[in-house]
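Note that the numbering runs from 1 along the sequence shown for the chain.
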Amino acid sequence: EVTVNLSSTQLRAPHLVNEVREAMGAAGLDPTTLLLEITETALASDTDGSFGALSRLRSLGVRIALDDFGTGYSSPHYLARFPVDTMKIAKVFVDDVGARGREPKMARAMMRLAEVFDLRVIAEGIERAEQVPALIELGCELGQGNHFSPPLPPDEVERLLSA
């Protein structure tokens with residue numbers, strides 16, 4: 001899976017869909033392996049335009065993630081209206097997961113919300129080993145963060161993945 005962040009400016013660009021199509025073709029990338037991430041704030045800046053752009057991108061076969069869910073406007077309206085298939089739970093809500101004596105109420109609520117909208121969930125900012133089984137228990141099987149690997153330059157990513 002290849003993940004690319006889109007800014008609100010990029011989302012409003014008139015040639016975005018053609019550029020994504022051309023980039024996938026040049027890279028020989030299967031569209032189903034491309035995940036485009038957009039924040040709630042970017043969606044809110046131009047809801048009609050964002051909806052149209054995301055719909056056209058989805059028609060290419062790519063997947064769309066709502067990034068840092070819970071830190072922007074946090075409206076279930078975005079989950080219901082926009083063509084997203086993945087919710088990325090912001091690190092601030094993942095921090096309590098697996099912590100002794102702390103109930104991860106927000107993470108649990110977001111998991112339930114994702115279930116209602118039939119969304120795949122990715123937990124962001126996993127930093128501690130005990131967070132992994134606790135997230136799995138909540139129903140979240142995908143995650144990212146320094147627990148797995150710190151940010152790496154491209155040549156080290158290839159070594160990590162081949163190991």
Side-chain angles (χ1 to χ4, degrees), residues 1-95 106-107 109-127 135 139-146 148-162:
E1 180 172 285
V2 176
T3 302
V4 177
N5 291 312
L6 289 180
S7 70
S8 58
T9 302
Q10 290 170 314
L11 191 60
R12 289 190 306 267
H15 302 292
L16 173 65
V17 176
N18 288 335
E19 290 174 5
V20 169
R21 181 185 300 111
E22 289 171 11
M24 286 188 307
L29 187 66
D30 177 346
T32 63
T33 64
L34 178 59
L35 180 65
L36 299 175
E37 296 183 7
I38 187 79
T39 64
E40 293 173 271
T41 306
L43 291 180
S45 67
D46 177 15
T47 56
D48 291 335
S50 296
F51 178 82
L54 293 177
S55 295
R56 289 188 301 278
L57 288 166
R58 282 291 300 269
S59 72
L60 296 177
V62 303
R63 292 177 295 128
I64 309 293
L66 191 54
D67 194 17
D68 288 332
F69 187 78
T71 61
Y73 296 93
S74 302
S75 174
H77 169 75
Y78 295 126
L79 300 176
R81 178 167 183 232
F82 288 95
V84 299
D85 53 19
T86 302
M87 173 198 298
K88 294 187 76 178
I89 300 176
K91 178 187 180 309
V92 67
F93 303 115
V94 174
D95 286 342
M106 288 299 293
M110 289 184 186
M111 290 301 301
R112 287 185 184 146
L113 192 58
E115 184 179 339
V116 166
F117 290 103
D118 195 29
L119 299 173
R120 181 175 77 146
V121 178
I122 300 172
E124 295 183 300
I126 299 172
E127 295 182 350
L135 283 161
C140 182
E141 296 181 353
L142 299 171
Q144 65 187 59
N146 287 333
F148 303 109
S149 174
L152 299 171
D155 61 321
E156 290 184 37
V157 171
E158 189 173 322
R159 279 197 295 271
L160 175 69
L161 294 176
S162 64

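Between E124 and D67 the shortest side-chain heavy-atom distance falls below 4.5 Å. Residues M87 and R120 fail the side-chain proximity criterion, which asks for heavy atoms closer than 4.5 Å. The side-chain heavy atoms of S55 and R58, taken from C-beta on, include no pair separated by under 4.5 Å. Side-chain contact check for R56 versus L54: every heavy-atom pair is 4.5 Å or farther apart. Put simply, the side chain of L60 reaches to within 4.5 Å of the side chain of M24, judged on heavy atoms. Considering only heavy atoms from C-beta on, S149 comes within 4.5 Å of L160 through its side chain. Using a 4.5 Å cut-off on side-chain heavy atoms (C-beta onward), V121 and T86 make no contact. F82 has its side chain out of reach of L66: every pair of non-hydrogen atoms, C-beta onward, lies at least 4.5 Å apart.
Crowding of D118 atom CG: a count of heavy atoms from other residues, nucleotides or ligands under 6.0 Å not exceeding 12. Within 6.0 Å of atom CD in E141, 12 or fewer heavy atoms from other residues, nucleotides or ligands are found, so the atom counts as exposed in its surroundings. Residue E115 places its CD atom among 12 or fewer non-hydrogen atoms of other residues, nucleotides or ligands, all under 6.0 Å distant.
Closest of all the heavy-atom pairs between V94 and A123 is CG2-CB, 3.9 Å. Shortest non-hydrogen contact noted between M106 and F93 is CB-CD2, 3.6 Å. Across every non-hydrogen atom of I126 and G143, the tightest pair is CD1-CA, 3.6 Å.
Residues meeting the side chain to side chain contact (heavy atoms under 4.5 Å, CB included) test with Q10, sequence neighbours left out: L6, S7. Shown here are the side chain to side chain contact (heavy atoms under 4.5 Å, CB included) partners of F117, two or more places apart in sequence or in another chain: P76, L79, A80, L113, L119.
Distance check, rounded to the nearest 0.5 Å: CG of L11 to CD1 of I64 gives 8.5 Å. Taken to the nearest 0.5 Å, the SG atom of C140 stands 11.5 Å off from the CE atom of M110.
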Test side-chain contact (heavy atoms from CB on, under 4.5 Å) on T3 and Q144; report intermediate values, then the result. CA-CA 12 Å; T3 302; Q144 65 187 59; over 6 Å; no
Return a table of donor-acceptor pairs under 3.5 angstrom between the side chains of residues 25-37 and protein atoms on other chains or two or more places apart.
residue: D30; atom: OD1; partner: T32; partner atom: N; Å: 3.0
residue: D30; atom: OD1; partner: T32; partner atom: OG1; Å: 3.0
residue: D30; atom: OD2; partner: T32; partner atom: OG1; Å: 3.2
residue: T33; atom: OG1; partner: D30; partner atom: O; Å: 2.7
residue: E37; atom: OE1; partner: K88; partner atom: NZ; Å: 3.3
residue: E37; atom: OE2; partner: K88; partner atom: NZ; Å: 2.6

